[in-house]
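Working notes, structure below.
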Amino acid sequence: MKTIMYGVRGVLLLTFLVLNTSCKLQTKQDDGPQKTPPSLNSKGASKGEAIYTFKDAPVPIERGESIAFKLPNGETHWYEVVYLPEMGINWVQAKSLAELAGGYLVTIHSDLENEFVFNLIKDKKYWYQWDDSHNGVMSGPFIGAFQPLGAKEPDGGWQWVSGEEWTYTNWCKDGVKEDRDPRPNDQPNDATGNQNVGAFGEVNEPVGYWGDFPQRFGSFNDSHPGGVYAFIIEYNTKKTQ
């Protein structure tokens, strides 16, 4: 009897191990390959991103008037706010549209220029307001700041799409008077692990401070909440549409 019992136990044990191993292998297979987070190269481009023209974009695009501003170095540049009433355009796509228009996503090099650009987009229609899950903070228009793949997070390697020197920043800092969000809010913070582009925000009112965002933030038909209602194009010479 003992010999038979041990044989039965052995068969049962072997059957359990085979089934358990099979389940583990099946579970691992069901997980599928890990997806690589999207990234930007040294020029701010990203492989596999849908690129639109102003005519074939999947959402309405309203272009604005180009407004002149005299830079501290004496040059005059022009700035155009592009309004996205239904959102649906991410940073990479906004960058491409700006270049298609003959300019580039705005680059900012002084308090005076930052104040000028902010005054163009301070109307709340250009700002997305989060619900209570994000304590009502607001996300503003895209600017031409980005981090290429391999940059040290959260504040290393930031650069301008124009290739101009990165000498000025206006990142939002925790405790500014417009910030009613109790969470820490020193920007950039790479809070989601893939926040590699810049936009105005992100406190509870429209402000001239900047925050970092994921490059696909605001994409068309994205299941994630949030979005961007505008971006700013800068031109080195006056442009007519």
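With hydrophobic clusters built from ILVMFWY side chains whose heavy atoms lie under 4.5 angstrom apart, Ile232 shares a cluster with Trp127. Taking hydrophobic clusters as Ile, Leu, Val, Met, Phe, Trp and Tyr residues chained together by side-chain heavy-atom distances below 4.5 Å, Val197 does not share a cluster with Val207. Cluster membership check: Leu149 does not share its hydrophobic cluster with Leu40, using side-chain heavy-atom separations under 4.5 Å among Ile, Leu, Val, Met, Phe, Trp and Tyr.
Take Glu113 and apply the side-chain contact (heavy atoms from CB on, under 4.5 Å) test, not counting sequence neighbours, and it matches Phe69, Leu71, Tyr79, Ile108, His109, Ser110, Val117, Glu234. In this structure Pro214 satisfies the side-chain contact (heavy atoms from CB on, under 4.5 Å) test together with Thr192, Gln195, Phe217, sequence neighbours excluded.
More than 12 heavy atoms of other residues, nucleotides or ligands lie within 6.0 Å of NZ in Lys125, so this atom counts as buried by the packing criterion. By the neighbour-count criterion of 12 heavy atoms within 6.0 Å, atom NZ of Lys124 is sparsely surrounded, having that number or fewer from other residues, nucleotides or ligands.
A donor atom on one side chain and an acceptor atom on the other are found under 3.5 Å apart for Ser162 and Glu164.
Put simply, the residue from Ile233, Val161, Leu100, Asn90 that forms a side-chain contact (heavy atoms from CB on, under 4.5 Å) with Lys95 is Val161.
A distance below 6.0 Å separates the ring centres of Trp158 and Trp171. Checked against the 6.0 Å centroid criterion, the rings of Phe213 and Trp91 do not qualify as a close aromatic pair.
Using a 30° and 60° split on the angle between ring planes, Trp210 and Tyr168 fall in the perpendicular class, above 60°.
The backbone N or O of Gly157 sits nowhere less than 3.5 Å from a side-chain atom of Trp166 that would complete a donor-acceptor pair.
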